[in-house]
Asker: 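Next up is a structure, given as C-alpha cells.
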Amino acid sequence: MTKQIQIAIDGPAAAGKSTIAKKTAELLGYTYVDTGAMYRAITYKAIQLNIDLQDGEKLTKLLDETSIELKPSSRGQIVFLDSEEVTEEIRSEQVTASVSIVAAHANLRKEMVLRQLEMGKNGAIVMDGRDIGTHVLTNAELKVFMSASVEERAKRRFLENQKRGISTNIEILMKEIALRDKMDSEREASPLIKAEDAIFIDTTSLTIEQVSEKIMQLAKERMI
Ligand code: C5P
C-alpha cells in the first residue's frame with residue numbers, strides 16, 4: 001500500500017501555488033487546504049466590522065469567535081465564514097490589499113496554525129501558503145517552495161483576471177504583488193521563507209503541466 005503523505009507548498013503571491021496544489025490534491029485524491037483563504041476570510045470580516053487592522057489583540061479575539069470552513073465543490077474549494085459563503089468576496093481588491101497587515105499579527109497566526117494542524121493531522125493533504133513548511137506541516141514528507149519572476153506572476157494574474165471578466169492593469173498588479181511579497185517576507189512572525197528542506201521550483205518558464213508533473217513525481221517517490 002502507498003503511504004499517505006503531507007505536502008506543503010509555499011511561495012510568494014501569484015506564483016501558481018493554489019493551481020498546482022489543487023491539481024496535485026485532485027490527482028492523489030487528497031484534501032486541499034488553501035491557507036491564504038483563511039487569512040483572507042478573517043480580513044474580510046474585520047473590514048466588514050470596521051475593526052482596526054493594526055489591532056492584533058482585537059483581531060485575534062475576533063478569530064476566536066469566528067468559524068472558517070473550506071469545502072470542496074464542483075466549482076473548486078468554497079469558503080464559508082460563520083456559515084456564509086464568501087468565496088468570491090475574499091478575492092476583492094480591498095481584501096487583497098489588506099490581508100498582509102492582518103496576517104502579520106503573531107497571536108492571530110498561532111490560532112490559524114492550530115486550525116491548520118487539525119486539518120492536516122491525518123495526512124493525505126496538500127496545503128499551500130507562506131509558512132506551511134516552516135511552521136505548520138513541519139514534518140511534511142514533501143515541501144516545495146515555488147516562485148517566478150514578478151513580471152511573470154503579474155502576467156499570470158492579469159490573464160486569470162481577464163478570464164474572470166475583471167480588467168486590471170499589469171503595472172498596478174506588479175506593484176501590488178511586489179508590496180505583498182515585501183510585507184510577507186519582512187514581517188517578524190513566521191515570514192515567507194523557504195524551509196531548509198523544501199525543494200525550490202522556479203516556475204517562470206514552466207507550464208502548469210510541467211510543474212504538476214514534477215511535483216507528482218516528487219510525491220510518488222515519497223509515498224513508497
Ligand atoms: O495565498 P494568498 O495570496 O491568497 O494569501 C493571501 C495572504 O495571506 C498572503 O499575502 C499572506 O499575507 C497571508 N498568508 C500568510 N500565511 C499563509 C497563507 C497566507 O501569511 N500560510
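We number each residue from 1, following the sequence as shown. As the structure lists them, so they are numbered: ligands from 1, and atoms in each ligand from 1.
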Asker: I need the atoms of ligand 1 closer than 4.0 Å to a non-hydrogen atom of Asp184, numbered in the order shown.
Answerer: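 The list of qualifying atoms is 9 (C), 10 (O), 11 (C), 12 (O).
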
Asker: How far is atom 18 (C) of ligand 1 from its nearest protein heavy atom, and which residue and atom name does that atom have?
Answerer: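 Looking at atom 18 (C) of ligand 1, the protein heavy atom closest to it is Thr35 OG1, 3.3 Å.
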
Asker: For Asp131, take its heavy atoms, then give the atoms of ligand 1 lying under 4.0 Å from any of them.
Answerer: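 Taking each heavy atom of Asp131 in turn, ligand 1 has 16 (N), 17 (C), 21 (N) under 4.0 Å.
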
Asker: Does Met216 reach the side chain of Thr24, with side-chain heavy atoms less than 4.5 Å apart?
Answerer: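 Yes, close enough: below the 4.5 Å cut-off.
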
Asker: Check Ala13 against ligand 1 and report side chain, backbone, both or neither, counting heavy atoms closer than 4.0 Å.
Answerer: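 Looking at Ala13 and ligand 1, no heavy atom falls under 4.0 Å.
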
Asker: Can you check salt bridge (charged side-chain N to carboxylate O under 4.0 Å, His left out) on Arg91 and Asp34, steps first, answer last?
Answerer: CA-CA 13 Å; Arg91 305 280 154 200; Asp34 171 2; 3.1 Å; yes

Asker: Between the side chains of Arg109 and Ser190, does any donor sit under 3.5 Å from an acceptor?
Answerer: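 There is such a pair between these side chains.
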
Asker: Please confirm whether Gln116 approaches ligand 1 to less than 4.0 Å, judged on its heavy atoms.
Answerer: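 Checking ligand 1 against Gln116, which is what was asked, there is no heavy-atom contact under 4.0 Å.
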
Asker: Closest heavy-atom contact between Gln6 and Glu141?
Answerer: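 The pair with the smallest heavy-atom distance is N-OE1, 2.9 Å.
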
Asker: May I have the step-by-step check of side-chain contact (heavy atoms from CB on, under 4.5 Å) for Val126 and Lys17, ending in yes or no?
Answerer: CA-CA 11 Å; Val126 185; Lys17 300 182 300 290; over 6 Å; no

Asker: Taking only heavy atoms of Gly129 into account, list the atoms of ligand 1 that are under 4.0 Å away from them.
Answerer: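 Numbered from 1, ligand 1 contributes 17 (C), 18 (C), 21 (N).
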
Asker: Counting only heavy atoms closer than 4.0 Å, does ligand 1 sit against the backbone of Arg40, its side chain, both, or neither?
Answerer: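 The answer is the side chain of Arg40.
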
Asker: When you compare the side chains of Arg156 and Thr203, does any donor N or O come within less than 3.5 Å of an acceptor on the partner?
Answerer: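 Note: Arg156 and Thr203 side chains meet the donor-acceptor criterion.
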
Asker: Among all protein non-hydrogen atoms, which one is nearest to atom 6 (C) of ligand 1, and what is the separation to 0.1 Å?
Answerer: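 Heavy-atom neighbour on the protein nearest atom 6 (C) of ligand 1: Arg180 NH1, 3.5 Å.
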
Asker: Distance alone, cut at 3.5 Å: any donor-acceptor contact between the side chains of Arg75 and Thr87?
Answerer: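 Thr87 and Arg75 do not have a side-chain donor-acceptor pair below 3.5 Å.
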
Asker: I want to check a possible cation-pi pair here: Lys71 against Phe80, using under 6.0 Å from ring centre and within 45° of the ring axis as the test.
Answerer: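 Pair Lys71/Phe80 counts as cation-pi.
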
Asker: Which atoms from ligand 1 have a heavy atom of Arg91 less than 4.0 Å away?
Answerer: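 Going through ligand 1 atom by atom, the ones under 4.0 Å from Arg91 are 4 (O).
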
Asker: Which atoms of ligand 1 sit under 4.0 Å from any heavy atom of Val99?
Answerer: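 Selected atoms, number and element: 6 (C), 7 (C), 8 (O).
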
Asker: By number and element, which atoms of ligand 1 are closer than 4.0 Å to a non-hydrogen atom of Ala103?
Answerer: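 Taking each heavy atom of Ala103 in turn, ligand 1 has 12 (O), 13 (C), 20 (O) under 4.0 Å.
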
Asker: Does this structure show an ion pair linking Arg115 with Glu111, if we count only N-O contacts that are shorter than 4.0 Å?
Answerer: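 Result for this pair is yes, salt bridge flagged.
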
Asker: May I ask you to check whether Lys17 has an N/O atom sitting below 3.5 Å from an N/O atom of ligand 1?
Answerer: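 So ligand 1 has no N or O lying under 3.5 Å from an N or O of Lys17.
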
Asker: Is the closest N or O pair between Arg187 and ligand 1 shorter than 3.5 Å?
Answerer: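 There is such a contact, yes.
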
Asker: Applying a strict 4.0 Å limit to heavy atoms, is Arg109 in contact with ligand 1?
Answerer: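 For ligand 1, residue contact (heavy atoms, under 4.0 Å) with Arg109 is present.
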
Asker: Step by step, work out the side-chain contact (heavy atoms from CB on, under 4.5 Å) result for Ile9 and Met146.
Answerer: CA-CA 7 Å; Ile9 302 185; Met146 273 175 58; 3.9 Å; yes

Asker: Under 4.0 Å from ligand 1, counting heavy atoms only, is it the side chain of Arg130, its backbone, both or neither?
Answerer: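 Looking at Arg130 and ligand 1, atoms from backbone and side chain both fall under 4.0 Å.
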
Asker: Is there a polar contact, in the sense of an N or O pair closer than 3.5 Å, between Tyr39 and ligand 1?
Answerer: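 It does not: no N or O of Tyr39 is found under 3.5 Å from an N or O of ligand 1.
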
